There are 2 protein chains.
Amino acid sequence: MPVLQGPLVDRDAWSAVGECPIEKTMAVAGQKSAMLIMREAYYGTTRFDDFAKRVGITKAATSARLSELVEAGLLTKQPYREPGQRARDEYVLTQAGVDFMPVVWAMFEWGRSHLPNNGRLRLTHVPCGADAHVEIVCDNGHSVPLEELGMRLVPQKRPESG
Amino acid sequence: MPVLQGPLVDRDAWSAVGECPIEKTMAVAGQKSAMLIMREAYYGTTRFDDFAKRVGITKAATSARLSELVEAGLLTKQPYREPGQRARDEYVLTQAGVDFMPVVWAMFEWGRSHLPNNGRLRLTHVPCGADAHVEIVCDNGHSVPLEELGMRLVPQKRPESG
DNA sequence: CAGTATCCATAAAGATACTG
DNA sequence: CAGTATCTTTATGGATACTG
């Protein structure tokens, strides 16, 4: 029953391309502290010390993680200056960072529903008030159950002349 | 422009609950090798040595990761016996494991579109042939852009008697 | 094929102190 | 507030050898 099998996914597609996007993603943002920093960034945190405090890691770890995430393009450093203070930087999500959030919310949803906790925290679609969840959807608007999900290697892009 | 802000998410909801599902999820399945094992499991791999070979980790790491994932309920060990061979175990996805796949595919999609690679690998909705991607969707069927996503703390569940 | 055990290198994180 | 630097502990993983 829980066994998924079959050739929906072309196994060789990975090796054909050589490198797996999942592996690369884990390499740039796959640490627990990185994930929690992304959560905080989405949440509106921008200051170094706030990240350290809210994620619960040391400044050294905060520094390392923040630098890596900026380097990877998920966050960007923006200068700001409070009245009477020196200029500082704040860390804000880039578009790539925003695009990363489905990863974070997928983890949230899985943990919420499959790990012991009171489950009272819910993702919500603010305008309509309904609960929200992470789904796989196709370009024709279908919700894609895992059994119908495949992987393909698209042909090299070419100019439309020929 | 890339700055997300505002109180869409009740910041204190995390602390009110005490523990973050994202953090817990990272704790049980947040290692790169665990993520890749999940990819392989979805992909149809069930044998110990195949996991080791395809994920590219040692048997020791495979053993540790597989045990943790079974312990966490993402995989289950099923006995099988090939003709003339002794009984062995194979590792297959449980329902919780299947439910975890959006995390994996969200990483795939992010890496595919935001990290340097040829981007030729695509998730596909097999029945209709269209490309698929990970989205946040609400129970009313709306696609939820990140700006409309919130978090709430639902009241304790009670019997419907009163 | 399906593991377990051991030893070693590396990397990540906590504690703490210091700088502007 | 916003970091950097250092030191130590722990976690992770590779290499390798051994068992059923």
Side-chain angles (χ1 to χ4, degrees), chain A residues 19-20 22-41 44-72 74-92, chain B residues 19-20 22-41 44-72 74-92:
Chain A
E19 288 168 61
C20 169
I22 301 166
E23 185 169 359
K24 291 189 190 172
T25 299
M26 283 300 289
V28 304
Q31 286 180 247
K32 189 162 100 172
S33 47
M35 211 61 73
L36 296 180
I37 281 179
M38 291 305 293
R39 175 199 75 188
E40 284 304 321
T45 299
T46 62
R47 308 296 176 79
F48 185 94
D49 273 24
D50 289 337
F51 280 113
K53 183 175 42 177
R54 292 179 182 159
V55 172
I57 55 178
T58 62
K59 290 182 171 196
T62 305
S63 180
R65 227 52 58 225
L66 246 21
S67 302
E68 290 159 14
L69 290 171
V70 167
E71 167 78 13
L74 290 152
L75 298 177
T76 188
K77 254 166 134 160
Q78 291 192 343
Y80 74 97
R81 181 191 294 268
E82 287 188 352
Q85 302 283 310
R86 72 167 171 88
R88 296 175 189 286
D89 286 316
E90 58 183 1
Y91 298 86
V92 299
Chain B
E19 287 167 62
C20 170
I22 301 166
E23 185 168 359
K24 291 189 194 173
T25 299
M26 283 301 289
V28 305
Q31 286 181 248
K32 189 162 98 171
S33 46
M35 212 61 75
L36 296 181
I37 282 179
M38 291 305 291
R39 176 200 74 187
E40 284 304 323
T45 299
T46 62
R47 307 294 176 81
F48 185 94
D49 273 25
D50 289 337
F51 280 114
K53 184 175 43 178
R54 293 178 180 158
V55 172
I57 56 178
T58 62
K59 290 181 173 196
T62 305
S63 178
R65 228 51 60 218
L66 248 19
S67 301
E68 290 159 14
L69 290 171
V70 166
E71 168 78 14
L74 290 152
L75 299 178
T76 186
K77 255 165 133 160
Q78 291 192 344
Y80 75 97
R81 181 192 294 266
E82 288 187 350
Q85 302 284 311
R86 70 167 172 89
R88 297 175 189 285
D89 286 316
E90 58 182 2
Y91 298 86
V92 299

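In the text below, chain A, chain B and the rest are named by the order of the sequence lines, each starting its count at 1. Computed from a predicted model, the values in this text were never measured in an experiment.
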Given B:Thr45, which of B:Arg54, B:Lys53, B:Glu90 fulfils the side-chain hydrogen bond (donor to acceptor under 3.5 Å, both in side chains) condition? B:Arg54
How close or far is atom [atom2] of [N] from atom [atom1] of [X], stated in whole angstroms?
{"X": "B:Lys53", "N": "D:dG14", "atom1": "NZ", "atom2": "C1'", "value": "19 Å"}
{"X": "A:Leu75", "N": "D:dA2", "atom1": "CG", "atom2": "C1'", "value": "16 Å"}
{"X": "A:Asp89", "N": "D:dC1", "atom1": "CG", "atom2": "C1'", "value": "12 Å"}
{"X": "A:Lys77", "N": "D:dC1", "atom1": "NZ", "atom2": "C1'", "value": "14 Å"}
{"X": "A:Ile37", "N": "D:dA2", "atom1": "CD1", "atom2": "P", "value": "14 Å"}
{"X": "B:Phe48", "N": "C:dT4", "atom1": "CZ", "atom2": "C1'", "value": "9 Å"}
{"X": "B:Asp50", "N": "C:dA2", "atom1": "CG", "atom2": "P", "value": "7 Å"}

Work out which heavy atom in A:Ala29 is nearest to a heavy atom in A:Leu69; give both atom names and the distance. CB-CD2, 4.1 Å
Least distance between heavy atoms, B:Gly30 atom then B:Met35 atom: CA-CE, 4.3 Å
Given D:dG3, is OP1 or OP2 found less than 4.0 Å from the side-chain N or O atoms of A:Tyr91? yes
Set of residues satisfying side chain to side chain contact (heavy atoms under 4.5 Å, CB included) with respect to [X], sequence neighbours excluded:
{"X": "A:Ala61", "value": "A:Ile57, A:Thr58"}
{"X": "B:Ala72", "value": "B:Val28, B:Leu74"}
{"X": "B:Lys59", "value": "B:Phe48, B:Asp49"}

Check whether any side-chain heavy atom of B:Leu66 sits under 4.5 Å from a side-chain heavy atom of B:Leu75, and report yes or no. yes
Please examine the side chains of A:Glu40 and A:Asp50, heavy atoms only from C-beta on, and report whether any two atoms are closer than 4.5 Å. no
Produce a footprint string for nucleotides 7-20 of chain C: one letter per nucleotide, 5' end first; B if the base is under 4.0 Å from any protein heavy atom, S if only the sugar-phosphate is, - if neither. -----SSBB----B
Runs of at least three Watson-Crick or G-U pairs with DNA chain D, cut-off 3.5 Å: C:1-20 with D:1-20
Sequence-distant partners of B:Ser33, side-chain hydrogen bond (donor to acceptor under 3.5 Å, both in side chains), two or more places apart: B:Arg65
